[in-house]
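The structure appears below as structure tokens.
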Amino acid sequence: MTVLKMSRPLATRLLFEAQKQPDLEVCGFLSARDGEPVEIFPVANVAAEPATTFEMDSAQQIDALKRIRQRGETMLAIYHSHPSAPPEPSVRDIEGLGYPNALYLIISLNIKGVLEMRAWQRDGEQMRDVPLTVMD
């Protein structure tokens, strides 16, 4: 994927999800229809240290993926937030990649008053920045 285009309402919902729990890494899925992002599916973070890492609740993860399929959509991206770090994949993020073909959205709450979201895709052993455009 060369550019990820997302509607402003959908981007706003992702940012709001991160702001609801600013001290924890929130996570979930972004679904797509015909390659276009359409919906978010929040999943509980059950990591032992949720302030610095995320681990999706397995039952909620399965349920979210099932609902995505039932809607006739595909899982496009996995999103999570970084409460106190930039929106770049950490070593733990890269080590925990479970869906090598998915995009990874990282929302940073690191800068007061400014929310930042970036998209990433696995490229061999590296992560490549995918341009993200928010459409009105």
Q: Check whether any side-chain heavy atom of Val38 lies under 4.5 Å from a side-chain heavy atom of Leu10, and answer yes or no.
A: no
Q: Taking the side chain as every heavy atom from C-beta outward, state whether Pro50 and Glu25 have any pair of such atoms under 4.5 Å apart.
A: no
Q) Is Lys20 paired with Glu17 through a side-chain N to carboxylate O contact shorter than 4.0 Å? A) yes
**Q.** From CA spacing to verdict: side chain to side chain contact (heavy atoms under 4.5 Å, CB included), Gln19, Leu109
**A.** CA-CA 8 Å; Gln19 288 178 307; Leu109 304 173; 4.2 Å; yes
Q) Are Ile107 and Leu132 in one and the same hydrophobic cluster, where Ile, Leu, Val, Met, Phe, Trp and Tyr link if side-chain heavy atoms are under 4.5 Å apart? A) yes
Q.
So if I apply the side-chain contact (heavy atoms from CB on, under 4.5 Å) rule between Leu30 and each of Leu105, Ile68, Leu103, which one comes out positive?
A. Leu105
Q: For the residue pair Arg128 and Val130, establish whether any side-chain heavy-atom pair is separated by less than 4.5 Å.
A: yes
Q: Output yes when a side-chain donor or acceptor of Asp57 lies under 3.5 Å from a complementary backbone atom of Ala59, and no otherwise.
A: yes
Q) Above 12 or not: heavy atoms from other molecules or residues under 6.0 Å from CD of Gln70? A) yes
(Q) Using side chain to side chain contact (heavy atoms under 4.5 Å, CB included), reason through Met75 and Tyr99 one step at a time and then give a plain yes or no. (A) CA-CA 10 Å; Met75 190 271 285; Tyr99 297 88; 3.5 Å; yes
Q) With no hydrogens and no angle check, is any side-chain donor or acceptor of Asn45 less than 3.5 Å from a backbone partner on Gly28? A) no
Q) Any side-chain heavy atom of Phe54 sitting closer than 4.5 Å to one from Arg92? A) no
Q. Under a 4.5 Å cut-off applied to non-hydrogen side-chain atoms, are Asp129 and Gln121 in contact?
A. no
Q | Stepwise salt bridge (Lys or Arg N to Asp or Glu O under 4.0 Å) test for Arg118 and Glu88 | A | CA-CA 7 Å; Arg118 289 176 63 189; Glu88 299 171 358; 3.4 Å; yes
Q.
If the threshold is 4.0 Å, N to carboxylate O, is there a salt bridge linking Glu39 and Arg33?
A. no
Q) Should Tyr79 and Ile40 be marked as a side chain to side chain contact (heavy atoms under 4.5 Å, CB included) after you check the CA-CA gap, both sets of side-chain angles, and the distance that decides it? A) CA-CA 9 Å; Tyr79 72 85; Ile40 64 169; 4.3 Å; yes
**Q.** Within-4.5 Å side-chain heavy-atom neighbours: Arg71 and Phe41
**A.** yes
Q: Examine distances only and state if a side-chain atom of Thr133 and a backbone atom of Lys5 form a donor-acceptor pair shorter than 3.5 Å.
A: no
Q: Indicate yes or no: at least one non-hydrogen side-chain atom of Leu4 is less than 4.5 angstrom from one of Pro131.
A: no
**Q.** Pairwise side-chain contact, Ile78 with Met56, heavy-atom cut-off 4.5 Å (strictly under)
**A.** yes
Q: Work out which heavy atom in Pro83 is nearest to a heavy atom in Pro22; give both atom names and the distance.
A: CB-O, 3.1 Å
Q: Please step through side chain to side chain contact (heavy atoms under 4.5 Å, CB included) for the pair Gln61 and Phe29, ending with a clear verdict.
A: CA-CA 9 Å; Gln61 183 177 357; Phe29 295 106; 3.6 Å; yes
